[in-house]
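Right, one structure below, let's go through it.
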Amino acid sequence: MTDTTSQLDVAAIDLDTAEPSTWSAATWFAVLSMAATSFALVSAEFLPAGLLTPLAHDLGITEGTAGQVVTATASVGAVTALLSNVLIGRLNRKTVLVSLSALAIGSNILAALATDFWLLLLGRAGLGIALSGFWALSVAVVARLVGANATGRGMAIVTLGVSLATIAAPSLGALISDWLGWRTAMAVTAGLAALAMLLQALSLPTLPASTSNSLADVFSLTRRRGIQLGMLAILLLMTGHFAGSVYVRPFLEKVTLLETRSIAVALLGFGIASVIGNVAGGRMADASIRLALVVTAALMAFAALSLVLWGAHSGIAFGLVTLWGFAFGMAPVVLPTNLSRGAPDALEAAGSLMVVSFQVAISIGAVFGGYIVDHYGAVGPLTLTAVLAASTLALASVQPRS
């Protein structure tokens, strides 16, 4: 148990419990408020995928230009992640989290009311700040809520919101947009953020800062071997995932020769499996983080390589896409927990490096995946996924046992 934990309001949360079955009602309420926040923030992040056409038409811009609202969110998030724990200083972490949710509310309202592209970008930039700040603090806060020995399972509950948002946001956003307009869909995400803020205010105990990080403190962590390996694991596995997963649909269209309805079913299987993988990843990460990393990378490598080799068969393709979804569901739990083990005394600073690693991996994966699919066809990105996931396996072999 770190010094950070000792400052938690133990009257509200029992820190000595490691099993979810023994968590108090207050602990569950607090962790679920964090999950609600992740769902609200990630829903807002992924929402534009289902709104681009009406949004672009209404603002008088091209769909390609409208797509840059996603880039703005990620870019601002990557920069903010480095500075977030420096800027918040010694502020109470509960106050910070509630304030970030308030920022998300304002950002989503601004985006919903935007009369031109630049106001929309400003709103999305605010969302990027809220996202990066939340995730940079998430592991440290969860560890304080549930105890160090149950961080994996606590994070599994929090990142369950990510899996659910990934499934729901684009499709529900498109439906709401068709019925009531894209602005209403944006406004709904403001309502979700308001609900999350209320839950945080009611459930989170006081979380006084145990340290005030400087940018030098954050960068100094990169000299630790555990942090280096943790960041490299995120860069390898997530670059591979985002290089290939974006182009799963073209692969299923051109190689497996599936129709749109069948592709939708396959992607639904991916999403459902990711929820199950999320839960499994949490339990495995607490038992052995090295084993959890090995299993996550091995399943993703096997699924991607097998799709390349045998993905022309529809039944096999369905099963392998589902297996990939299971591995992807494990990753948002296993990778941050793995990195945090390298700095148990500096979880907030490590959280900043974790967020930066994820954002860089997403950007690199999208760029390389796009280049490869344009020059080598739909099979190319999946081959890169298999290679990078297999490289993560090799990296896991030098991880310390835990």
Side-chain angles (χ1 to χ4, degrees), residues 29-51 55 69-70 72-78 80-81 84 87-88 91-114 119-139 141-142 145 155 157-177 180-205 207 332 351 355 358-359:
F29 193 15
V31 173
L32 289 174
S33 77
M34 294 287 286
T37 306
S38 75
F39 177 78
L41 293 175
V42 176
S43 291
E45 182 182 19
F46 289 158
L47 189 67
L51 307 181
L55 185 155
V69 299
V70 178
T73 306
S75 300
V76 171
T80 305
S84 59
L87 297 176
I88 62 177
L91 290 174
N92 188 291
R93 280 12 183 184
K94 175 179 179 177
T95 302
V96 174
L97 288 171
V98 171
S99 299
L100 289 172
S101 292
L103 175 60
I105 296 170
S107 298
N108 289 327
I109 290 175
L110 178 59
L113 298 177
L119 281 177
L120 179 63
L121 275 187
L122 182 61
R124 297 298 294 183
L127 177 64
I129 294 172
L131 273 162
S132 64
F134 172 80
W135 287 118
L137 287 173
S138 60
V139 176
V141 169
V142 168
L145 293 176
M155 283 301 297
I157 296 171
V158 174
T159 56
L160 183 61
V162 177
S163 298
L164 294 176
T166 303
I167 299 170
S171 55
L172 290 180
L175 287 175
I176 295 173
S177 176
L180 302 171
W182 69 270
R183 296 181 186 276
T184 301
M186 287 280 190
V188 168
T189 61
L192 291 175
L195 177 59
M197 185 177 71
L198 176 62
L199 291 174
Q200 288 175 331
L202 293 175
S203 68
L204 290 177
L207 296 166
V355 175
F358 267 98
Q359 296 289 4

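For the numbers below, each heavy atom of this structure counts, side chains included, while hydrogens, waters and symmetry mates do not.
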Original post:
Taking K94 for the side chain and L204 for the main chain, is one N or O donor matched with an acceptor at less than 3.5 Å?
Top reply: yes
**OP:** To the nearest 0.5 angstrom, please state how far the CG atom of L131 sits from the CG atom of L100.
**Re:** 9.5 Å
Subject >> Minimum heavy-atom distance between V355 and A136, given as atom pair plus value >> reply: CG2-N, 3.5 Å
**OP:** Working to the nearest 0.5 Å, report the span between CE of M34 and CG of L145.
**Re:** 7.0 Å
Subject >> S43 side-chain N/O to A40 backbone N/O, donor-acceptor pair under 3.5 Å >> reply: no
Subject >> Evaluation steps, side-chain contact (heavy atoms from CB on, under 4.5 Å), between V142 and V31 >> reply: CA-CA 7 Å; V142 168; V31 173; 5.6 Å; no
Original post:
Could you state the interatomic distance from OG (S99) to CD (Q200), rounded to the nearest 0.5 Å?
Top reply: 9.5 Å
Original post:
Roughly how far, to the nearest 0.5 Å, is OG1 of T189 from CG of L192?
Top reply: 6.5 Å
Original post:
Which heavy-atom pair separates A44 from N108 by the least distance, and what is that distance?
Top reply: CB-OD1, 3.6 Å
Subject >> Full working for side-chain contact (heavy atoms from CB on, under 4.5 Å) between V141 and F134 >> reply: CA-CA 10 Å; V141 169; F134 172 80; over 6 Å; no
Original post:
Going from CD1 on I176 to CG on L47, what distance comes out if it is rounded to the nearest 0.5 angstrom?
Top reply: 7.5 Å
**OP:** Any chance you could lay out the side-chain contact (heavy atoms from CB on, under 4.5 Å) test for L202 and F29, step after step, and finish with the verdict?
**Re:** CA-CA 9 Å; L202 293 175; F29 193 15; 4.3 Å; yes
Subject >> Expected output: side-chain R183 to main-chain A114 donor-acceptor under 3.5 Å >> reply: yes
Subject >> Residue pair A104 / L127: nearest heavy atoms and the distance that separates them >> reply: CB-CD1, 4.5 Å
Original post:
Is a side-chain donor or acceptor of T37 paired with a backbone partner of S33 at a separation under 3.5 angstrom?
Top reply: yes
**OP:** Would you check if I129 and L103 make a side-chain contact, meaning some heavy-atom pair closer than 4.5 Å?
**Re:** yes
**OP:** Give a yes or no on whether the backbone of L207 and the side-chain of R93 come within a donor-acceptor separation of less than 3.5 Å.
**Re:** no
Subject >> Check: S138 side chain, W135 main-chain N or O, donor-acceptor pair, under 3.5 Å >> reply: yes
Original post:
Taking all atoms of both residues into account, what is the closest heavy-atom pair of E45 and R124, and its distance?
Top reply: O-NH2, 3.1 Å
Original post:
Considering the options L41, V76, T80, which one meets the side-chain contact (heavy atoms from CB on, under 4.5 Å) requirement together with S132?
Top reply: T80
**OP:** Look at the side chain of S101 and the backbone N and O of A193, then say whether any donor-acceptor pair between them is shorter than 3.5 Å.
**Re:** no
Subject >> Any M186 side-chain heavy atom under 4.5 Å of L120 side chain >> reply: yes
